[in-house]
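What follows is a single structure, written as structure tokens, with notes after it.
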2 protein chains.
Amino acid sequence: MGRPRTPLLNRELIRDTALRLIDADGLAALSMRRLAQELGVQAASLYSHYPTKDDVLDAVANLLTADVDTSGFAGGDWRAGLLIWGRAYHAALSAHPNAVPVVASGTGRRERFLAMADAVHGGLVGAGWPPRYATMIAGSVKYLVIGATSTPFGSGFADDVQVYLDRYPNLTQAHRLAEQAERIDTDSFELGLEALVRGLEDVYAAVGRQR
Amino acid sequence: MGRPRTPLLNRELIRDTALRLIDADGLAALSMRRLAQELGVQAASLYSHYPTKDDVLDAVANLLTADVDTSGFAGGDWRAGLLIWGRAYHAALSAHPNAVPVVASGTGRRERFLAMADAVHGGLVGAGWPPRYATMIAGSVKYLVIGATSTPFGSGFADDVQVYLDRYPNLTQAHRLAEQAERIDTDSFELGLEALVRGLEDVYAAVGRQR
DNA sequence: ACCTGAACACCGTTCAAGT
DNA sequence: ACCTGAACACCGTTCAAGT
């Protein structure tokens, strides 16, 4: 067949289709052959646009972390900045739970990710945190986000789920379990984030900029 | 050849060898064929001991979460309990960073993991936390641990690393970078854990058991 | 430049066959 | 019961060939 008059593929189409397949069937089900099939093309064709499968996954990770709101630091309020950023980041990853491991353990270049990290670090330093603390605080919130979204809920705290569900006897129907598991994860993240920010106030009083 | 006089394999040997290969070469490099080769056996032989590769990985995850110290709750002190458990859990996973994704996203049965979750939940409830809060608090600490150990440090906060290293100009030698990255992760986790526990004190005052 | 077809070196898993 | 050899249906990636 050879080169088509107009290209059949482009990087964005490949990336978006990969994310759609990951969302639908899980990360393990994504193969270059399956992705190509979905695009009506041969697997080898993908290599005209991405050098390796890992580069496709990096593009997906980059997409997920794009447009995460870091504007909360603008007023110099590090608490609002952290809460808004943490919740936005959590929401972005929660929308694609099957893809979170790609974000968590990615090894490649991730421009959008770096831009986000830079905005957060700058916001914290601008609000008076020493750079070393800015690094650790951004890391802590990132840990909460990654942890909350990368552990499928049934995976170890099943007994906790049961205890939790016991508080809401009307929600124990099977068809609501997944929905409820997601709520537990979100509630746990929210409690953790708020407590973390609250606890940081004491630290800030000790090491933050005087003003 | 057929059945040997004395078995060549057993579940523990397979599990321990799998962990050793993961530590040495990474999770992606572990295949049933490579594992069998390391054990001087054919790949098919492994299936006499584990039904699937996922079951081998579950056994590895179970091993990593075995013997994590939850004794800190014994005295009814939820703060000491959380700090001791969180640090022990973090240390256990930090010792095998390549294997953390297996713990984070495992889907199978994990007896030791459930035992640990049960001890923590019981400890929190025993110290006066309502069960619903016990679930969320245990979740928050778990998120910090999983997040801190599952994101290889260079993966996004490289600029932060640089800022951090700028504070320690004598540590920027290449051969100390990995060591320093691990320290940043540990410091960030420690700050996050302490701030989280501190922030929970206010919550406890509002919802904890009166005594 | 972009896509194809075929190939290479791998996978996880199954299963009849051996002892 | 436990291990082997061969097979099945997959992988990621490469590359000469086509337009």
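A, B, ... follow the sequence lines: proteins, then strands. Residue 1 opens every chain.
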For this session: With the side chain counted from C-beta on, respond yes when A/D25 and A/L30 share a heavy-atom pair under 4.5 Å apart, and no when they do not.
Result: no
Exercise. Which nucleotide in the list D/dC2, C/dC11, D/dC3 gets nearest to the side chain of B/R3?
Worked result: D/dC2
Problem set entry | d(OH, A/Y50; C1', C/dC3) in whole Å | 17 Å
For this session: Run the salt-bridge test on B/E194 and B/R79 with the 4.0 Å N-O cut-off and return the result as yes or no.
Result: no
Problem set entry | Atom OH of B/Y133 with >12 non-hydrogen neighbours under 6.0 angstrom | no
Seminar exercise, completed: One should read off an interatomic distance between B/L64 CG and B/Y89 OH, to the nearest 0.5 angstrom, of 9.0 Å
For this session: Starting from P on D/dC10, measure out to CD on A/Q37 and report it in whole angstrom.
Result: 10 Å
Exercise. Within the structure, does a side-chain N or O atom of A/Q42 lie under 4.0 Å from either OP1 or OP2 of C/dG5?
Worked result: yes
For this session: Specify the separation, in whole Å, of atom CZ of B/R34 and atom P of C/dG12.
Result: 12 Å
Exercise. DNA chain C: B/Y47 or B/P4, which has the more 5' nearest nucleotide?
Worked result: B/Y47
Exercise. What integer distance in Å separates B/L39:CG from D/dC3:P?
Worked result: 10 Å
Problem set entry | Centroid-centroid under 6.0 Å between B/F73 and B/W85 rings | no
Seminar exercise, completed: The answer to which of A/A44 and B/A44 contacts DNA chain D further toward the 5' end, by nearest nucleotide, is B/A44
Problem set entry | Side-chain N or O of B/H49 closer than 4.0 Å to phosphate OP1/OP2 of D/dA1 | no
Problem set entry | Salt bridge B/E38-B/R33, side-chain N to carboxylate O under 4.0 Å | no
Exercise. Checking all strands, does A/S48 fall into the base, sugar-phosphate, or nothing category for heavy-atom contacts under 4.0 angstrom?
Worked result: base
Problem set entry | Distance below 4.0 Å between A/S45 side-chain N/O and C/dT4 OP1 or OP2 | yes
Problem set entry | B/M32 CE - D/dG5 P separation (whole Å) | 18 Å
Problem set entry | Distance-only polar pair, side chains of A/D69 and A/S71, donor-acceptor under 3.5 Å | yes
Seminar exercise, completed: Separation of C/dA1 atom C1' from A/R11 atom CZ, nearest Å, is 15 Å
Problem set entry | Exercise: do A/Y143 and B/D185 side chains pair donor with acceptor under 3.5 Å | yes
Exercise. How many Å lie between CZ on A/R5 and C1' on D/dG18, as a whole number?
Worked result: 16 Å
Seminar exercise, completed: Testing C/dG12, C/dC2, D/dG12 for proximity to the side chain of A/P7, the answer is C/dC2
For this session: Using only heavy-atom distances, decide whether a donor-acceptor pair under 3.5 angstrom links the side-chain of B/R33 to the base of C/dG12.
Result: yes
Exercise. In terms of side-chain heavy atoms of A/T52, which of D/dC15, D/dT13, C/dC11 is nearest?
Worked result: D/dT13
Seminar exercise, completed: By nearest-nucleotide position on DNA chain D, the 5'-leaning member of B/G40 and A/S31 is B/G40
Problem set entry | Atom pair distance, as rounded to whole Å: CG in B/L57 and P in C/dC11 | 15 Å
Exercise. Where are the stems of DNA chain C, defined as at least 3 consecutive Watson-Crick or wobble G-U pairs with both distances under 3.5 Å?
Worked result: C:4-8 with D:12-16, C:12-16 with D:4-8
